[in-house]
Amino acid sequence: MLLVFGAAWDSGSKALRRSLSDESVRKAIDDVVVVWVDTDREGRLADEYEVQQIPHMVALDPQGRKVGAVEGYQPPEV
């Protein structure tokens with residue numbers, strides 16, 4: 001699972017949404033469940049995952065354990 005923390009007003013979050021919907025990225029993460037988390041509405045969840053800036057992505061393994069995190073916009077080629 002990939003938790004993507006962002007906000008509707010944030011340009012980086014908007015760019016990341018476009019990046020993750022790029023065809024090449026969608027194919028690469030086809031078996032990954034992507035969950036978008038609005039930090040304005042889900043502030044406690046963002047705090048739980050220690051989100052300091054948005055956009056922020058957290059990868060979870062099938063058992064729900066955090067296996068990685070990335071802050072900031074990531075272009076499709078990354």
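Atoms considered below: every heavy atom in the structure, side chains included; atoms not considered: hydrogens, waters and symmetry mates.
Nearest heavy-atom pair across His56 and Glu50 is CE1-O, 4.2 Å. Nearest heavy-atom pair, Asp22 versus Ser24, reported as atom, atom and distance to 0.1 Å: OD1-OG, 2.5 Å. Ala7 and Thr39 make their closest contact through CB-OG1, 4.0 Å (heavy atoms, listed as atom of the first residue, atom of the second, distance).
Note that the OH atom of Tyr73 and the OG atom of Ser11 stand 11.0 Å from one another [nearest 0.5 Å]. Taking OG of Ser19 as the reference point, atom CZ of Arg26 lies at 12.0 Å (rounded to 0.5 Å).
With salt bridges taken as basic N to acidic carboxylate O contacts below 4.0 Å, none links Glu48 and Arg44.
Qualifying side-chain contact (heavy atoms from CB on, under 4.5 Å) partners for Gln74, counting only residues two or more places apart in sequence or in other chains: Leu16, Met57, Val70, Val78.
The closest donor-acceptor contact from the side chain of Ser21 to the backbone of Arg17 lies under 3.5 Å.
Side-chain contacts under 4.5 Å among hydrophobic residues (ILVMFWY), followed directly or transitively, place Leu3 together with Met1, Phe5, Trp9, Val33, Val35, Val37, Leu45, Tyr49, Val51, Ile54, Val58, Leu60.
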